[in-house]
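One structure is given below, encoded as structure tokens.
Worth knowing before you read on, the calculation uses all heavy atoms, side chains too, and leaves out hydrogens, waters and symmetry mates. Remember, it's 1-based here, ligands and their atoms both numbered in the order they're listed.
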Amino acid sequence: MIFTVAIDGPAAAGKGTISRAVAERFGFRHLDTGLLYRAVGVKGGDPVAAARGLTADDMNRPGLRTLEAGQAASRVAAIPEVRAALVEFQRRFARSEGGAVLDGRDIGTVICPEAEVKLYVTASAQVRAHRRWLEVGGDEAQVLAEVRERDARDMGRADAPLKAAEDAVVIDTSDLGIDAAVDAACAIVAARL
Ligand code: C5P
């Protein structure tokens, strides 16, 4: 069976948690596409060469989940040649046998417009910054500023900007507990299987 669940949205909206839960519930494979850009961002040197030569080791190195790696990812993610180098791998993953969940920024719009399910998971910048701050600590106002900076860069870039696909179902997790958000996502997938 070929079945793709595309989950897009801004940082710290709950995409990762929902994606992992949906993949586990339905036995699908999961790809966190942000890790691809994070690995390119922290590799250093020429980002286009890094994207073209990305290895499993690059994807497994520690430190990819930090705020700094997120900012580095968002900078290299605005380079069209970097995005182009990562398309094929993501498409193959999305359409591989057995079902796949991909989460990122452009899965439903660019990588897999034919996805059987498209979700756009979002929440207010304040709520997302607060969640990130609970994980990383430090100055909450600074975390909010970084969230806003990354949103602006991801939504404002010319190539594959972050936006909901026209046919995406929007899940706003600002006032929704994680269990309720996961249940909502799973109900949508189950209805289309
Ligand atoms: O989702 P995550 O926070 O790990 O993504 C890090 C950065 O990678 C995002 O801010 C975005 O700039 C970029 N990204 C992207 N397209 C994707 C996934 C991530 O541009 N599909």
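Taking a cut-off of under 4.0 Å to the non-hydrogen atoms of Ser74, the atoms of ligand 1 that pass are 10 (O), 12 (O). The ligand atoms of ligand 1 that sit less than 4.0 angstrom from a heavy atom of Ala73 are 6 (C), 7 (C), 8 (O). Near Gly104, with a cut-off below 4.0 Å to any heavy atom, the atoms of ligand 1 are 17 (C), 18 (C), 21 (N).
Side-chain contact annotation: Asp106 with Thr109, donor-acceptor N/O pair under 3.5 Å absent.
Considering backbone and side-chain N/O of Asp103, none are found under 3.5 Å from N/O of ligand 1. Remark: ligand 1 and Gln90 share no N or O pair separated by less than 3.5 Å (distance only, no angle test). The distance criterion of under 3.5 Å between nitrogen or oxygen atoms is not met by Tyr37 with respect to ligand 1. Taking only nitrogen or oxygen atoms, main chain and side chain alike, Asp154 reaches within less than 3.5 Å of ligand 1.
Of the heavy atoms in Arg105, both backbone and side-chain atoms come closer than 4.0 Å to ligand 1. With a 4.0 Å heavy-atom cut-off, ligand 1 is reached by the side chain of Arg157 but not by its N, CA, C or O. Contact annotation for Ala77 and ligand 1: only side-chain heavy atoms (C-beta onward) come within less than 4.0 Å of the ligand. Counting heavy atoms closer than 4.0 Å to ligand 1, residue Arg38 contributes side-chain atoms (C-beta onward) but none from N, CA, C or O.
Rounding to the nearest 0.5 angstrom, the gap separating the CZ atom in Arg91 from the CG atom in Leu102 is 11.5 Å. Note that the CD atom of Gln90 and the CG atom of Leu36 stand 5.5 Å from one another [nearest 0.5 Å]. Distance CZ/Arg128 to CZ/Arg150: 9.0 Å, rounded to 0.5 Å. To the nearest 0.5 Å, atoms NZ (Lys15) and CD1 (Ile171) are separated by 12.5 Å. Between the CG atom in Asp151 and the CZ atom in Arg153 there is a gap of 10.5 Å [rounded to 0.5 Å]. Between the OG atom of Ser174 and the CD atom of Gln126 there is a distance of 9.0 Å, given to the nearest 0.5 Å.
Protein heavy atom nearest atom 6 (C) of ligand 1, with residue, atom name and distance: Arg150 NH1, 3.4 Å. Of the protein's non-hydrogen atoms, the one nearest atom 16 (N) of ligand 1 is Arg83 NH2, 3.1 Å. Of the protein's non-hydrogen atoms, Thr33 OG1, 3.4 Å is the one closest to atom 18 (C) of ligand 1.
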Checklist entry - Are Val87 and Ile111 close enough, and set up right, to give a side-chain contact (heavy atoms from CB on, under 4.5 Å), and what steps lead you there? => result CA-CA 6 Å; Val87 165; Ile111 299 298; 4.0 Å; yes

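Within a 6.0 Å sphere centred on CD of Glu114, heavy atoms belonging to other residues, nucleotides or ligands number more than 12.
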